[in-house]
Protein chains: 4
Amino acid sequence: MARPQSAPDPSRRSAQSRTAILTAALELVADVGFGKLTIEKIAARAGVGKQTIYRWWPSKGAVVFDAFLAANENATGSLALPDTGDLGEDLRTLLRATALELADPAFNRTGRALAAEVLTDPELLREYRERLLDPLLEVTRDRLRAAREAGQLRADADLDLAVELLYGPLYYRWLHGLGPLDDRYADQVTQACLRALGSTGG
Amino acid sequence: MARPQSAPDPSRRSAQSRTAILTAALELVADVGFGKLTIEKIAARAGVGKQTIYRWWPSKGAVVFDAFLAANENATGSLALPDTGDLGEDLRTLLRATALELADPAFNRTGRALAAEVLTDPELLREYRERLLDPLLEVTRDRLRAAREAGQLRADADLDLAVELLYGPLYYRWLHGLGPLDDRYADQVTQACLRALGSTGG
Amino acid sequence: MARPQSAPDPSRRSAQSRTAILTAALELVADVGFGKLTIEKIAARAGVGKQTIYRWWPSKGAVVFDAFLAANENATGSLALPDTGDLGEDLRTLLRATALELADPAFNRTGRALAAEVLTDPELLREYRERLLDPLLEVTRDRLRAAREAGQLRADADLDLAVELLYGPLYYRWLHGLGPLDDRYADQVTQACLRALGSTGG
Amino acid sequence: MARPQSAPDPSRRSAQSRTAILTAALELVADVGFGKLTIEKIAARAGVGKQTIYRWWPSKGAVVFDAFLAANENATGSLALPDTGDLGEDLRTLLRATALELADPAFNRTGRALAAEVLTDPELLREYRERLLDPLLEVTRDRLRAAREAGQLRADADLDLAVELLYGPLYYRWLHGLGPLDDRYADQVTQACLRALGSTGG
DNA sequence: CGATAAGCGAGACGGTACGTCAAGTCTTGTA
DNA sequence: TACAAGACTTGACGTACCGTCTCGCTTATCG
């Protein structure tokens, strides 16, 4: 799976260089955008030889992606959805938070760049799903499953469909710039999903 | 906005060169992918000087995008949704067709490349919306509006939300590779939307 | 002989760039020496893209060599040996001039660098011989031939040997730093050659 | 002159590593030539850490040069010119042997590479003269001196000039590839030198 | 006789230059 | 004046080595 020939020895890896590279990558993505980002600039800003980047990452996208993950992973370590017992309220909270993040202009540039990369590179997509998306969807499904077992959702509700119904519209609106991503919109989507999935029609 | 000096005269534009360029661009995107596509390769394959490309398009993305649109526009010229009177059946037809297109492997590479470009370049996004997305959403809203007026949807149904509820999940699943895009899935989404929007709960 | 594929068109070559490159190369050889000379530095000093160098020269050595030749060729265009009728005096003049040049410290660094390149690269050696050395040896042989016909040299004197006998010792002493290259030494070599080749023993 | 801090202790030096390095260096010079030779390749082929090379030699040239000397020194330990009493015959023997070595194709690449290095690096030139050239010239002068004292050479013959007269032409012809280096040529040079230096004109 | 310090193999590191590719601009000659 | 052709400057690419710097691991004195 990994290329067998002359793989570098991770135990000798310089933690300092790694951190400097990831930091520089994040800063530069914010500064100049992903498209105008270059490995040379990352190396220069990190005070690092280019080879040190090429030794540990296969592509520019992988570096930025890793930087993004490293910055977000601990935060999402505490990835846990609220469970107040009131499904409607919990979903509203979740979608409001999601909308808020997508609406953040600071997130916009980096997020879009990342999305574009992930879309295009199957390998990055795999890693993105493993490390970020799948866990998120899983906890979401967990919350819905609990609701289903509590009779708050139809017994036959398909949870895979459900999470796409929740996140898909927000994502669609965000990517295409179709309208505001505010609390009102989050609430609308929440309500629509509850109607679609709810046992009594929400 | 456009540089005033020495704008080229469109009336003198060589239709033959334009066609050759767009054709070459499409072929190359399919061959080598968008990332490895270069203006020089397009010019070479089209048998055209580089300057002829730079004269008429601002960027690689614009050329490919234009090629894509030129190839799809006549097809979507007949962009019209069926109206059998049965909203459920009509939406099912629409989403099945959409899912089918997204699932087509031939569409995958080009589509993802285009999506990545459009996501990332605001100018391209604007053009994409004007020429493809907005018209599509508009005819979709038209059909839904008719249904609402026929009392098949809630009187307060928000049509902007509605189209995102329809297309968002498919798009989300497609981009992230979350599962099959088949008729069954299209039908599930259709049903969920009808429940969410329908006057009687679909 | 030359690679057939996509050779650049010499008629489009920029004379200005060529001159700037050759000048920069000469200056840099004098500044930093041949070993520490780089194509990038030449390009930078000449205000020229690297590709323009790679387009027209195959190697660093070829550039410097060309620069050296371009600087020396017109000078040696008037390459003509004196013929006063007195062979001894003429050879003395020739060898004194040769010794003087070799002894010049300014010539030392460039000359040695060039010699090292020429020694090592058969292609450069060929060009060096064609453009500089062979013409020099030829005019020298011409002068000796005239002397031989005038009965000042043995009838069976081998002119190829003769020129090596003249120039070889100076070159040997110069390369190895064996002693001063002054008029006295030039005269000694001259006298020795006359004894070796002269009809009456000089 | 040498940095005082932490000079390596020669008594602890690994003879095995030294040998492996010198052997690898010689092989690689023959394989790829001096120009394409690198310290890393030497280290790799010798199965040695780079530092072990840097610890004991200041430069690539020094390693190769040392390898060359180590290979040739014992051979030339028995550096002694024949003295049969017949100067002509002895010189003929000497120059024939010299020409033979220069003409050896195996010697050509290494010899030229070494010459180029020695020419260019004053430090290497110094060492080359001390360890190889000067001893050779000295024994040559010794033989000539004996001849001079035996009245076979002019009483005022300059021995420094004499050795350059002997070796210079061969070297000149070799470096510039001016003609064959065979017995006939060696004999011609010998005869010319005897005429130039001999008491009676040889 | 066991610690301790040196040479050693390995190889990661910050750098420099390589030779290539493509970007976007400019020039030349053709239709 | 649009065009094909392609040379030009610029700048990034990914690679090869440079010379320095740890790492553990022998190995060979010295306390």
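Just so we're on the same page: letters track the sequence lines, and every chain starts at 1.
As rounded to whole Å, 14 Å separates atom C1' of F/dC3 from atom CG of B/D9. In this structure, B/K36 atom NZ and F/dA12 atom P are separated by 20 Å, rounded to whole Å. Rounded to whole Å, the distance from CZ on C/R18 to P on F/dA7 is 16 Å. Between the OH atom of B/Y54 and the P atom of F/dA4 there is a distance of 15 Å, given to the nearest Å. Atom pair D/F34:CZ and F/dC17:P shows a separation of 14 Å (rounding to whole Å applied). What separates CD1 of B/I53 from C1' of F/dA5 is a distance of 13 Å, to the nearest Å. Protein atom CD1 of B/I39 is 21 Å distant from nucleotide atom P of F/dT10, rounded to whole Å. For the pair B/Q51 CD and F/dT1 C1', the interatomic distance rounds to 13 Å; values are reported in whole Å.
The line from CD1 of C/I53 to OG of C/S17 is 9.5 Å long, rounded to the nearest 0.5 Å. For the atom pair C/E127 CD and C/L124 CG, the distance stands at 7.0 Å (nearest 0.5 Å).
When the nearest nucleotides of DNA chain E are assigned to D/S14 and C/E40 by heavy-atom distance, the more 5′-ward of the two goes with D/S14. Comparing B/R13 and C/T52 against DNA chain F, the residue whose closest nucleotide sits nearer the 5' end is B/R13. Comparing B/A46 and A/K60 against DNA chain F, the residue whose closest nucleotide sits nearer the 5' end is B/A46. Ranked by how close their nearest DNA chain E nucleotide is to the 5' end, C/R12 and A/K50 are led by A/K50.
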Residues A/R13, A/W56; criterion side-chain contact (heavy atoms from CB on, under 4.5 Å); working and verdict: CA-CA 9 Å; A/R13 183 167 188 181; A/W56 302 109; 3.4 Å; yes

Criterion side-chain contact (heavy atoms from CB on, under 4.5 Å) on C/K60 and C/V63, from CA distance to verdict: CA-CA 5 Å; C/K60 180 178 73 164; C/V63 180; 5.8 Å; no

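The side chain of C/W56 approaches F/dC8 more closely than any other nucleotide in the set F/dG6, F/dC8, F/dA2.
Of the side-chain N and O atoms in D/T38, none sit less than 4.0 angstrom from OP1 or OP2 of F/dA16.
Using a 4.0 Å heavy-atom criterion, one finds that B/S17 contacts the sugar-phosphate atoms exclusively.
Here the range on DNA chain E touched by chain C, meaning any atom under 4.0 Å from one of its heavy atoms, is E/dA17 to E/dT28.
Proximity of a side-chain donor or acceptor of C/T120 to a complementary backbone N or O of C/A116 within less than 3.5 Å is detected.
Considering all non-hydrogen atoms of both residues, C/R112 and D/L119 come closest at NH1-O, 2.8 Å.
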Side-chain donor-acceptor pairs under 3.5 Å in residues 19-37 of chain A, sequence neighbours left out?
residue	atom	partner	partner atom	Å
A/T19	OG1	A/A15	O	3.0
A/T23	OG1	A/T19	O	2.8
A/E27	OE1	A/R45	NH1	2.5
A/D31	OD2	A/R45	NH2	3.1

